[in-house]
Participant: 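The structure follows.
Side-chain atoms are counted along with the backbone in the values below, which use heavy atoms only and exclude waters and symmetry mates. The shown structure was predicted, so the numbers you read here are calculated from the model rather than taken from an experiment.
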Amino acid sequence: MKRLYRNKRQGSIGGVCHGIADYFGIDPTLVRLLWAVAFFVFGSGFLAYIIAWIVIPEEPF
């Protein structure tokens with residue numbers, strides 16, 4: 001079963017984007033770009049990232 005985790009080993013700040021990219025099997029750059037668009041266009045990207053950082057558990061090693 002697939003689980004959503006933050007990937008801090010390969011992620012840049014909190015590992016949220018890389019964890020989401022791993023879960024969906026896409027490039028992390030695309031996820032980061034979507035977060036940036038949400039931040040600059042809708043103004044909600046930063047708040048959504050912080051919430052995801054808190055809610056998504058860190059990947060167990």
Participant: Hydrophobic cluster membership, with links at side-chain heavy-atom distances under 4.5 Å among I/L/V/M/F/W/Y: are Leu33 and Val41 in one?
Facilitator: no

Participant: What about Ile20 and Trp53, same hydrophobic cluster or not, with Ile/Leu/Val/Met/Phe/Trp/Tyr joined at side-chain heavy-atom distances under 4.5 Å?
Facilitator: yes

Participant: So do Arg32 and His18 actually touch side chain to side chain, heavy atoms under 4.5 Å?
Facilitator: yes

Participant: Kindly work out whether a path of hydrophobic side-chain contacts (I/L/V/M/F/W/Y, heavy atoms less than 4.5 Å apart) joins Ile54 to Tyr23.
Facilitator: yes

Participant: Can you give me the closest heavy-atom contact between Ala21 and Val31, atom names plus distance?
Facilitator: CB-CG2, 3.8 Å

Participant: When rounded to the nearest 0.5 angstrom, what is the spacing between CG in Asn7 and CD in Glu58?
Facilitator: 9.0 Å

Participant: Taking a hydrophobic cluster as the set of Ile, Leu, Val, Met, Phe, Trp and Tyr residues connected by side-chain heavy atoms closer than 4.5 Å, whether directly or through intermediates, do Ile26 and Tyr5 fall within one such cluster?
Facilitator: no

Participant: Identify whether Phe40 and Phe46 are in the same connected component of the hydrophobic contact network (ILVMFWY, side-chain heavy atoms under 4.5 Å).
Facilitator: yes

Participant: Looking at Trp35 and Ala48, what are the two nearest heavy atoms and their distance?
Facilitator: CZ3-CB, 3.4 Å

Participant: With rounding to the nearest 0.5 angstrom, report the CG to SG distance, Asp27 to Cys17.
Facilitator: 11.0 Å

Participant: Taking all heavy atoms of Arg6 and all of Ile56, pick out the closest pair and write down the distance.
Facilitator: NE-O, 2.9 Å

Participant: Nearest 0.5 Å, what's the CZ-CG distance between Phe24 and Leu30?
Facilitator: 11.5 Å

Participant: Less than 4.5 Å apart, side chain to side chain, heavy atoms only: is that true for Ile13 and Tyr49?
Facilitator: yes

